[in-house]
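Data first, discussion second: the structure below is written as structure tokens.
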Amino acid sequence: MYDMLTALINGALGWGWPEWALNLLSYILIVTIVLVVAPLQMLFFTYYERRVIARMQDRVGPNRVGPEGIWQPIADGVKMFTKEDIVPQAADRIVHFLAPCVVVAPTVLMFAVVPWGPGMVPVDLPTGLLFFFAISSISAVGLMMAGWASNNKFSLLGAMRAVAQMVSYEIPAVLSLIAIVIIVGSLSINEIIAYQAGLIISNRDLPGVPDLGLGWFVFTPVGFVAFVAFFIAALAEGERTPFDIPEADSEIVAGYMTEYSGMKFGLFYLAQYVLNFLLCAITAIIFFGGWQGPGVGWLYAQGITPANPNGNGLFNVLAGILGVFYFLLKTYIFFFVMVWLRGAFPRLRIDQLMDFGWKFLIPWTLANLFSAALWVAFTRWGPAEGMLITVGWSPVLRWLAAFVVTLAINLGVYLWLTRVYAASQAERRRAELEELSAAA
Amino acid sequence: MTASPFEIEIPRGRVIEVQRDDTRVRWGGGLLRGMAVVWKHWKESFKLNRSYSQIHGTFTIEYPEEQPRIPEAYRNMPILLYDDETGHELCTSCFQCERICPPQVIHMTQAKDPATGKPVPAVAEFIIEYDACMSCGFCAEVCPFDAIKMDHEFELSTDDHTRLTVHKEQLLRPISYYAKIAPTMWAEVRESALKKLQGNVRRRPDVIGLAPQLTEKIAARRAELAAQAVQAAQAAAAAPAAPAAAPAEGRKLTPEEKAAKLAAIRAAKTAQAGESATPAEAAPAPPSPAPAGEAAPSADKAAKLAAIRAANAAKKAAAGEAPATLPVAPADGMAGDTPADAPPAAPPADKAARLAAIRAANAAKKQQSGDGS
């Protein structure tokens, strides 16, 4: 944004604005765009989810408000705004009021590091990924506040579950991301996206590969395992249906949202959908190349970039449009998968959730971490790092060796873990029955 | 761990273990299979499904735009039927539906003949409280005349509560309407229903039993009746001895006739009863213009009374009909008419009255002769 504004105001228009004014203007514009886009995404996602889940259940879904019901979220929003705001008498009023804010704020902050297209990142933090996940954990505090302040047993139970679930599933999520960070060697989200240029294979590993923007991590064994583990963890983090234990409406009414009404409830709702959007987006960014796709890299190379200040601004716009298109397409596909999972699977029990997180996902992602290390060793290390086997191998051979070895490890670990996990679950069921028999 | 039990009794109740194949590991294939099922539903849901035998496809009927296909036996609210051609209601006010109605929302009054005050097989007012009706369909089931049927109309919502107390005029539908919404169900009962209706129509005087909203049908019926009256009057005028025929209808059995007959029967009965009575009990009768012509004991008197009554009935019938029909009807002339000297060409009402008188006289005579012997 700053580059584009500089080129436009000081270059094309020749007004000669000072640097601070340009910076200020660009950030105001960015913040405005983010604050407009975040709720719009949420509105679209509610409509999108309802239509998709309806189709999966052989229904039609909302199709009355506007063409094909596209204004349904607006109607819902109006409804939310006009509802009475009820605070329970026994509630801690201040905390009850603050909780929705504490839940919403981090989700909007997370937008700061999400790149929408080439050169379209609000803030290119060198530790963007860390920032993203550190901030996302803050909403757990807000959930706990909501549950505690409501002074309601369902709320508190929901909050407890939410916090337990978030804390448990952050570990596999972060472990699977670390595998990618090891390969890329950077926490910058832009770096991670830039690494996924190429064709099936990243052209950082394999120079000379044509850049079609398809060098996505999901095509490597390490990336695939990390993707599956991360997506499952993201479902738990975003409280999507197989893991929507914190707001299990058939058990604990609505969890921590029980005592909220009107727009406060609406804020929780907003936070949840914005978080889902961001989790889908970060999945798309880290494992599916974000805005990378055929044509974007080439278009962007013609535009105005720090490396190429004399480019054509039109190509920036074109690259931006195409990049945003790819990025949103991937994001929406992941949200579709989330809805699909919601349509397919029933809710887990809390013990099943914990078992799955701690006994399956964490060992699996830890093994994947080892694979990632091997991947780096095979593709990049030389005699200087003590990697003597690959001396003299061509890059393709190195890459192939890394692929085969990591594939073998990940597959072996998966097969072994599922066996162990199934056996442990069966054993647990037997133990429970035995206990029941003993009691009888 | 060997075979686990299927059932365990615990203090809180019984636990039944569902035996799952725990030893088989599907490596996530079970999850994918479940997702495949949902995918197929999603993919197929873009097609419409109207056969209801398929599990895929969208079943939804977009209601206000599309109307649901309602099965014939669907029942919502009861309606009354009337005949398309004559406009006669099928209902005879037999009160069966009112009796069986579980929430007791059916109310009716039977039509009465204005001339005689006798009930007629037709309904004067019929009310169903739709707001409390539970659509059980008992009324339609029990109706012996197939007059009350269950409608398919279900868009009944209103902001006016009183409109849910539905009166006869709003309840009435032509038979053709019911035959359209439930063709096979109507075909089953059509013949018997129409036959019963014909039988009932014969017993309905004037315009009683005609659907009240069919004003032109009622007017036509009135005109028909008037024309008949004129005809009858002309016929009466043509007959030499007839002072004035009652503007009797072409129908076989009018209430007047019926009354006359009844009187005759009653007279005969009284006469029979008089047979057992002793002459001492008999009071002297005043001279009368009865055909018996003599001072008669009680039996005689009864017979005479019957004759007078019959004559009165005939008179009344004539008087009652006259203002209702045409002014040209010379109904007033027959007031002094006695049954005895009635001409042979008299119209049916007169004839019946005369018949009653003769019968009464005969009975009296018989009684006398019986006494004398």
Side-chain angles (χ1 to χ4, degrees), chain A residues 51-64 68-69 225 228-229 231-232 235 241-242 336-346 348 356 360-361 364 411-440, chain B residues 1-69 155:
Chain A
R51 285 305 292 246
V52 170
I53 197 77
R55 286 289 177 192
M56 284 171 181
Q57 295 164 351
D58 296 333
R59 294 184 289 115
V60 178
N63 66 345
R64 294 280 145 180
E68 284 299 307
V225 169
V228 173
F231 197 69
I232 293 170
L235 288 174
T241 281
F336 179 86
V337 175
M338 280 190 170
V339 178
W340 186 6
L341 290 165
R342 180 185 159 192
F345 302 130
L348 266 68
F356 188 70
F360 185 82
L361 278 186
W364 197 30
L411 203 62
V413 167
Y414 176 71
L415 295 179
W416 176 70
L417 261 180
T418 43
R419 215 168 243 290
V420 170
Y421 186 69
S424 85
Q425 291 293 304
E427 184 56 41
R428 164 179 255 205
R429 265 202 292 281
R430 275 197 291 272
E432 275 168 6
L433 272 176
E434 244 171 49
E435 207 173 299
L436 281 171
S437 320
Chain B
M1 192 66 210
T2 51
S4 49
F6 276 93
E7 281 184 37
I8 313 161
E9 287 284 347
I10 64 166
R12 275 173 296 157
R14 193 192 302 165
V15 174
I16 299 171
E17 189 206 357
V18 179
Q19 294 277 330
R20 288 205 185 85
D21 191 1
D22 290 340
T23 52
R24 216 171 100 231
V25 180
R26 295 193 198 85
W27 289 293
L31 294 177
L32 292 179
R33 214 160 41 185
M35 288 179 77
V37 170
V38 175
W39 175 262
K40 188 154 188 232
H41 272 276
W42 183 77
K43 206 182 73 198
E44 299 284 315
S45 74
F46 291 97
K47 287 188 230 147
L48 275 186
N49 186 345
R50 286 287 178 269
S51 81
Y52 300 103
S53 60
Q54 307 292 313
I55 60 163
H56 292 290
T58 303
F59 299 83
T60 313
I61 293 166
E62 303 260 344
Y63 160 59
E65 289 89 29
E66 281 175 81
Q67 284 294 330
R69 197 182 49 189
E155 288 162 325

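In the text below, chain A, chain B and the rest are named by the order of the sequence lines, each starting its count at 1.
In terms of heavy-atom pairs under 4.5 angstrom with chain B, the leader among A/L341, A/T418, A/D58 is A/D58. Between chain A and the options B/H41, B/K43, B/E44, the largest number of non-hydrogen pairs under 4.5 Å is found for B/H41.
When each of A/M56, A/R55, A/Q57 is paired with B/V38, the side chain to side chain contact (heavy atoms under 4.5 Å, CB included) condition holds for A/M56 and for no other.
Contact annotation for A/L415: both backbone and side-chain heavy atoms come within less than 4.5 Å of a heavy atom of chain B. In this structure, chain A has heavy atoms under 4.5 Å from both the backbone and the side chain of B/E62.
Relative orientation of the B/W39 and A/F336 rings is perpendicular, given thresholds of 30° and 60° on the angle between their planes.
When all heavy atoms are compared, the tightest approach of A/R59 to B/T60 is CA-OG1, 4.0 Å. The shortest non-hydrogen separation linking A/A344 to B/G34 is CB-O, 4.1 Å.
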